[in-house]
Amino acid sequence: MSLPEKGRDIEDVLAEIGRLREGDLPVRGGRVTAYVYDTGRPEVHEAAARAYFEMLEVNTLDPTAFPSVVEMERQVVGAVAGLLGGGHGVFTSGGTESIMLAVKAARDSRPVAGRPRMAVPVTAHPAFHKAAHYLGVAVDAVPVDPVTFRASPAAVEAAITPDTVLVVASAPSYPQGVVDPVAEIAATAAARGVLCHVDACVGGWLLPWLREAGAHVPPFDMSVPGVTSLSCDLHKFGYAPKGASVVLFADPALRRAAYFASASWPGYTIINATVQSSKSAGPLGGAWATMQALGRDGYLELGRATLAAARRLREGVAAIDGLRVLGDPDSALVAFGPEDPDGPDVFVMADEARRRGWFLQPQLSYAGIPANLHITVTGVTLRGVDAMLEVIAECAAAARRRGPVELPEGLVELVAGLDLDALDDAAFAELAAAVGADLRGGSGQPEMAVVNAVLDALPADRREAVLVRFLSVLYS
Ligand SMILES: Cc1ncc(COP(=O)(O)O)c(C=O)c1O
């Protein structure tokens, strides 16, 4: 963009935003099965948007200047603690920030002789790796059960060292939607004097409603002995606009270890509860209003619809020739893939779905878990679950007809051996284009099967290097 010489008419500006969004996936309607959480009740999202707008220009930087922020945050955090077994919380911008604060609190409240470490099941969200990377903590990856995909308490215990400051369990883990044995893992951690974080980012504001709607949900919250912190995203199953999560701590001292203050400069005093300093109170207002607009009965109703849709989806997928559901998901996240290696290629299926106006999220193979497709069932899904199943069946049939992605011979080896430091972004983009991957793609929904197949064939550290380069090309 070149900055316009003169300010433009707002209608014109908004029309341009509309044009820019033409290639985007739709955020409502249930055909996009990741990234967005739709209640199916537009009035709820509109209420949230109005409240967001109302709080938009309030800066949470100084809570004494804007007491509305303190009151709203107390109420939102209080509601989360009320549902999830208590605790003392912070409202954050999302799961990653909540996890970052939990890791910081663990690191700072439990000094160890060596480099602080944490035991993280391989199915836990990469936010833990990011927090570890930013905070100088080492990660000890813990294998999960290859059939149930749940973390094993014994494997977690084996990973604890004298320098371990935190152990992680997920409720549920995102990839297969299963809840780790939180009670056992937390007890193991407590016995070794180590803190235990439950990542309930995706499940915290869902599992209690599913339980009330009749699902079997094992204990996972702050009431479980040994659990010392928990993250719960409101911008997921709380259906709040993005930028809303809560991290709970078992006691105020641990929460204080997440805070940051600085008086080491000649400017205004800095007291931050979060990573961000200046930030809009819009997301807080949006989350507060969503909770008010839905209320207990609204969330329970959404929980019932979600449970019914998730059950229907699991049964329906299992009944499609050649497909199987991975594990026995406890929540509303369903991962599925081919029953045997000759079955439909999931990356081709994902592209086929995009052509039909649906987004199914591909997940790469990792730690012995095969590549698969992931669906997040939300409140709106039930209305379209039969159509979703039809599309999945069609895509599986189409993927069988097309066969698996055939990569040019030597391509994976070429990418694996590339000296990325010797390539600038333009050369990388040209190389990708030569094998049919248009990284600067422009508008519209891209075909990703080749890219996913190449990534899938690489080890994780190469994937990461290529992904960083991809992002750099995208924004250059
Ligand atoms: C289990 C889990 N933890 C953490 C996160 C990270 O959340 P965010 O994208 O809000 O940072 C996610 C996101 O999907 C998640 O599913």
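Whatever order the structure lists ligands and atoms in, that order sets their numbers, starting from 1.
Around CD of E43, the count of heavy atoms belonging to other residues, nucleotides or ligands within 6.0 Å exceeds 12.
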Under 3.5 Å, which donor-acceptor pairs link side chains of residues 121-142 to any protein atom two or more places apart or in another chain?
| unit_1 | atom_1 | unit_2 | atom_2 | d |
| --- | --- | --- | --- | --- |
| H125 | ND1 | A127 | N | 2.9 |
| D140 | OD1 | R117 | NH2 | 2.9 |
| D140 | OD2 | R117 | NE | 2.8 |

Output side-chain donor-acceptor pairs under 3.5 Å for residues 279-298, partner residues at least two apart or in another chain, one line each.
| unit_1 | atom_1 | unit_2 | atom_2 | d |
| --- | --- | --- | --- | --- |
| K279 | NZ | T274 | OG1 | 3.1 |
| S280 | OG | L56 | O | 2.7 |
| S280 | OG | G282 | N | 2.8 |
| W288 | NE1 | Q75 | OE1 | 2.8 |
| T290 | OG1 | G286 | O | 2.6 |
| R296 | NH1 | E212 | OE2 | 3.2 |
| R296 | NH2 | E212 | OE1 | 3.1 |

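Ligand 1 lies under 4.0 Å from heavy atoms of G94, G95, T96, I99, H125, P172, Y174, D199, C201, V202, D233, H235, K236.
Sorted by first and then second residue, the ring-ring contact (aromatic ring centres under 6.0 Å, His included) pairs involving residues 165-194 (not counting sequence neighbours) are Y174-H374.
In the model, D145 has no side-chain atom that pairs as donor or acceptor with a side-chain atom of S152 under 3.5 Å.
For W209 and Y299, the distance between ring centers is under 6.0 angstrom.
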